[in-house]
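All remarks here apply to the structure that follows.
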Amino acid sequence: MHELGIVFHIIRTVEDVARQNDVTRIRRVTLQLGEVSGVVESYLQDCWKWAAAKSELFGAVLTVETIPAVTVCEDCGQQYPTVQFGRTCPHCQSPRTHLLQGHEMLIKEIEAVETGPTAPERA
């Protein structure tokens, strides 16, 4: 299960960003995950719950957005959904294709918990 290693990497990255920005608490981390990245979201979520509870990210929620896999055909130039059609172009049947997107894993957003006064003082 490589999801645990991925989670450790995400947590270290988020902790570094939090320190650089004087953030003491994280509410949510939004991750963009490619449809064909090879990462199992349910395993990732389980690993997150376990590892975040043991880190500075205690209580932070992991939200995952899926990036759809898209392939382009080198022969006809058409783009198509990878999961539905695989590596063979459904337009011209060419095997000369490559993945454009859907393999990524990106931290999209880190949401911090606000600290300090939330409203201006009244005189």
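Since we're looking at a predicted model, the values are computed, not measured. When reading the values below, keep in mind they use all heavy atoms of this one structure, side chains included, and skip hydrogens, waters and symmetry mates.
Put simply, NE2 on H2 and CG on L44 are 8.5 Å apart, with the number rounded to the nearest 0.5 Å. The structure places CD of Q78 at 13.0 Å from OG1 of T97, a figure rounded to the nearest 0.5 Å. Rounding to the nearest 0.5 angstrom, the gap separating the CD atom in E3 from the CD atom in Q45 is 11.0 Å. Considering CD1 of I11 and CG of L62, their distance stands at 9.0 Å, rounded to 0.5 Å. Once rounded to the nearest 0.5 Å, the distance linking OG1 of T66 with CD of E104 reads 11.5 Å. The distance from atom CD1 of I6 to atom CG of L33, rounded to the nearest 0.5 Å, is 8.0 Å.
Other residues, nucleotides and ligands contribute over 12 non-hydrogen atoms within 6.0 Å of the CZ atom of R19. More than 12 heavy atoms of other residues, nucleotides or ligands shown are found within 6.0 angstrom of NE2 on H91.
Two different hydrophobic clusters hold V39 and I67 under the rule that ILVMFWY side chains link at heavy-atom gaps under 4.5 Å. Cluster annotation: V70 is connected to V72 through the hydrophobic network of ILVMFWY side chains, with a link wherever side-chain heavy atoms come within less than 4.5 Å. Under a hydrophobic-cluster definition in which Ile, Leu, Val, Met, Phe, Trp and Tyr are linked whenever side-chain heavy atoms come within less than 4.5 Å, directly or via other members, Y43 and I10 are assigned to different clusters. A continuous path of hydrophobic side-chain contacts links I110 to V64 [ILVMFWY only; heavy atoms under 4.5 Å].
Within the 4.5 Å cutoff, side-chain heavy atoms of Q79 are placed close to those of L100. With a 4.5 Å cut-off on side-chain heavy atoms, E56 and V14 do not count as touching. You'll find the side chain of V61 stays beyond 4.5 Å of the side chain of R27, heavy atoms only. Residues I107 and V17 have side chains not in contact (no heavy-atom distance under 4.5 Å, counting atoms from C-beta outward).
Between W48 and A60, the shortest heavy-atom contact is NE1-O, 2.9 Å. Closest heavy-atom contact between F8 and A51: CE2-CB, 3.8 Å. Closest approach of P90 to F85, counting heavy atoms only: CB-CD2, 3.5 Å.
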Mind running side chain to side chain contact (heavy atoms under 4.5 Å, CB included) on V83 and E35 for me, showing each step along the way?
-> CA-CA 8 Å; V83 173; E35 190 175 27; 3.4 Å; yes

Side chain to side chain contact (heavy atoms under 4.5 Å, CB included) assessment of S37 paired with M105 | CA-CA 7 Å; S37 65; M105 184 171 42; 5.6 Å; no

Please walk me through it: do E111 and T30 pass side chain to side chain contact (heavy atoms under 4.5 Å, CB included)?
-> CA-CA 8 Å; E111 182 182 335; T30 302; over 6 Å; no

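For residues 60-81, every residue pair satisfying the salt bridge (charged side-chain N to carboxylate O under 4.0 Å, His left out) rule, not counting sequence neighbours, is listed here: E65-K108, E74-R96, D75-R96.
A distance-only check finds a donor-acceptor pair linking the side chain of Q101 to the backbone of P68 [under 3.5 Å].
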